[in-house]
Amino acid sequence: MHWMQMGETIHSPAPWDLPLWDPSYVVFFGVLYAVLTCLGIGLALVHRGAKKDMQKEENGEQH
């Protein structure tokens with residue numbers, strides 16, 4: 001396996017070829033996964049609320 005040198009450009013989309021010693025990559029992927037986690041939690045909460053509203057509507061209750 002070819003190991004990257006400091007300052008070398010990325011030639012592969014594989015995650016193990018990213019130079020993770022570079023702090024900018026750590027910051028980028030940390031923020032990326034934090035945002036994706038927040039979006040996932042938000043979508044899950046919206047989905048749960050919609051299911052609750054549908055169940056209330058099926059039971060004849062009004063919101």
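Not measured: the values here are computed from a predicted model.
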Pairwise distance NZ(K52) to NZ(K56) - rounded to 0.5 angstrom: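 Reported to 0.5 Å precision, the distance equals 7.5 Å.
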Hey, could you give me the CD/CG distance between E57 and N59, rounded to the nearest 0.5 Å?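 Those atoms lie 10.5 Å apart.
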Could you list the cluster mates of L45? Members are the ILVMFWY residues connected by side-chain heavy atoms closer than 4.5 Å, either directly or through other members.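 Its cluster mates, by chain and number, are I41.
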According to a hydrophobic-cluster definition based on side-chain heavy atoms being under 4.5 Å apart (Ile, Leu, Val, Met, Phe, Trp, Tyr only), do V35 and V27 belong together?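 Hydrophobic grouping puts V35 with V27.
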Grouping I, L, V, M, F, W and Y whenever their side-chain heavy atoms are under 4.5 Å apart, do L36 and Y25 come out in a common cluster?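 Yes, L36 and Y25 fall within the same hydrophobic cluster.
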